[in-house]
Amino acid sequence: MEFTSIPCHESLQPFIRNYWMLSSWCTATGTQQVFSNGAASLQFYLSQDIRIDNGDKRYRTVLYHQNMQKVGVGTDEGAFNIFGAEFVPFCSHLFFPNEMSGIYASPEELHDEEFITLSKEIYEAESTEHRVALLDSFFLNRLAQLPEGDINMERLSDVFDNILPTDGSIPHPPDSQTEFSPADLASTACLSQKQFTRVFNKYVGMNPKSYLRLLRFHKALMAIQTSADNSSLTNIAWNCGYYDLAHMASDFRDICGFSPSELIQQGQELTEAFGQKFSGLMKKKIKIENLI
């Protein structure tokens with residue numbers, strides 16, 4: 001498997017983490033279980049159509065919003081190449097304002113003619129460089145159409161500066177060893193908790209409580225992968241804000257389908273939600289079966 005991170009145009013970098021290319025080979029028909037990293041993504045399946053959650057419909061282009069659900073991506077034997085874009089968590093709404101009925105949608109389901117045209121051009125492009133230029137042009141054009149002074153974007157930017165540090169530190173409220181709460185985030189945004197929850201849902205795709213739960217999961221996952229002693233799962237659970245190990249194991253199964261010990265056995269680096277790689281090297285969180 002080969003994964004390449006590709007920078008977007010500098011004017012887009014406050015809103016888009018990166019573009020990326022994933023190339024692999026499916027040795028048989030199988031399913032990749034994708035779990036949320038808290039950011040929406042746009043994916044173009046270049047080499048084959050895919051099925052989602054065992055459905056009959058085939059997709060070539062998919063916009064994924066985020067919530068706590070796992071998504072099963074079904075593939076056939078053969079080449080498996082994806083070109084994609086990863087958004088800053090609260091910014092996909094700027095480029096794709098049409099409401100989605102679920103956590104994923106095709107351009108046709110969004111009734112977005114410009115998006116439909118982009119999808120066709122991406123598949124007709126002869127190189128990755130051409131695809132990058134097409135995406136840059138599409139996003140820059142949409143960015144130019146946005147009204148200035150979106151106060152809610154500024155509020156959410158302040159919130160995410162607090163809860164997603166890029167220096168590898170563990171986020172805590174000032175002078176406290178407790179985790180952030182939805183009330184803390186609402187206060188940072190200078191909104192009531194009810195108003196903040198409405199804005200957060202609109203821009204991020206899940207409520208603040210679920211997002212904080214997702215970050216706690218990724219914090220624990222990073223701690224597990226960097227711990228010299230994997231037997232200290234109980235301590236990791238406690239240090240990451242879980243009531244106990246059973247609570248952490250339950251959360252892991254809900255979010256990614258595996259227990260902490262099962263993920264340790266996989267031996268794969270599955271999170272970049274915290275740490276220095278956060279702002280530009282975010283890989284999709286994929287448990288790959290039947291791929292080499």
Side-chain angles (χ1 to χ4, degrees), residues 33-40 64-72 89-90 103 156 159-189 193 196-197 200-201 204-279 281-287:
Q33 294 295 333
V34 183
F35 59 91
S36 176
N37 60 19
Y64 292 96
H65 279 186
Q66 292 300 327
N67 63 15
M68 302 301 289
Q69 290 180 242
K70 302 181 290 295
V71 175
F90 55 96
I103 65 170
L156 286 174
V159 167
F160 276 84
D161 282 346
N162 281 329
I163 64 175
L164 284 175
T166 61
D167 60 0
S169 62
I170 299 299
H172 287 292
D175 304 319
S176 172
Q177 291 302 307
T178 61
E179 290 189 319
F180 281 108
S181 70
D184 294 324
L185 304 188
S187 177
T188 299
Q193 194 164 340
F196 177 69
T197 298
F200 197 94
N201 264 318
V204 179
M206 67 177 78
N207 63 50
K209 183 176 180 180
S210 294
Y211 197 90
L212 290 170
R213 178 186 172 201
L214 185 64
L215 290 189
R216 180 176 58 184
F217 159 77
H218 279 285
K219 184 166 73 173
L221 180 55
M222 185 184 74
I224 288 170
Q225 292 176 151
T226 57
S227 173
D229 180 11
N230 288 330
S231 65
S232 61
L233 288 177
T234 299
N235 289 336
I236 289 173
W238 179 258
N239 291 334
C240 290
Y242 290 100
Y243 294 118
D244 52 32
L245 179 56
H247 185 200
M248 183 172 78
S250 176
D251 236 25
F252 268 59
R253 288 195 178 278
D254 284 347
I255 294 172
C256 71
F258 299 92
S259 69
S261 59
E262 287 169 340
L263 283 177
I264 290 171
Q265 292 173 0
Q266 298 298 325
Q268 299 180 22
E269 185 175 343
L270 295 173
T271 187
E272 293 175 359
F274 294 96
Q276 297 176 0
K277 295 182 180 180
F278 166 74
S279 58
L281 295 176
M282 180 66 74
K283 299 180 182 179
K284 294 309 297 175
K285 311 304 181 285
I286 300 178
K287 159 62 181 168

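Note that the numbering runs from 1 along the sequence shown for the chain.
Atoms CE and CG, from Met206 and Leu212 in turn, are 10.5 Å apart once rounded to the nearest 0.5 Å. Distance check, rounded to the nearest 0.5 Å: CG of Leu233 to CE of Met248 gives 5.0 Å. Considering OG of Ser250 and OH of Tyr242, their distance stands at 9.5 Å, rounded to 0.5 Å. Taking CG of Asn239 as the start and OG1 of Thr234 as the end, the distance is 10.5 Å to the nearest 0.5 Å. Of the inter-residue distances, the one linking Arg213 atom CZ with Asn207 atom CG reads 10.0 Å to the nearest 0.5 angstrom. Atom CG of Leu245 sits about 8.5 Å away from atom OG of Ser261, to the nearest 0.5 Å.
Looking at every heavy atom in both residues, Pro89 comes nearest to Gly38 through CB-O, 3.4 Å. Of all heavy-atom pairs between Val159 and Ala189, the closest is CG2-CB, 4.0 Å. When all heavy atoms are compared, the tightest approach of Arg216 to Gly241 is NH1-O, 3.4 Å. Nearest approach of Gln193 to Ala186, heavy atoms of both residues: CA-CB, 3.8 Å.
Ring geometry for Phe200 versus Phe196: interplanar angle of 30 to 60°, hence tilted.
Residues Phe160 and Val204 form a side-chain contact, since some pair of their non-hydrogen atoms from C-beta on lies under 4.5 Å apart. A 4.5 Å side-chain heavy-atom check between Thr197 and Pro208 finds at least one atom pair inside the cut-off. At a threshold of 4.5 Å between non-hydrogen side-chain atoms, the residues Ser210 and Leu214 do not count as touching.
Applying the side chain to side chain contact (heavy atoms under 4.5 Å, CB included) test between Pro260 and each of Asp251, Ile224, Leu221 identifies Ile224 as the sole match.
Checked against the 6.0 Å centroid criterion, the rings of Phe252 and Phe258 do not qualify as a close aromatic pair.
Donor-acceptor pairing under 3.5 Å is lacking for the side chains of Ser187 and Asp184.
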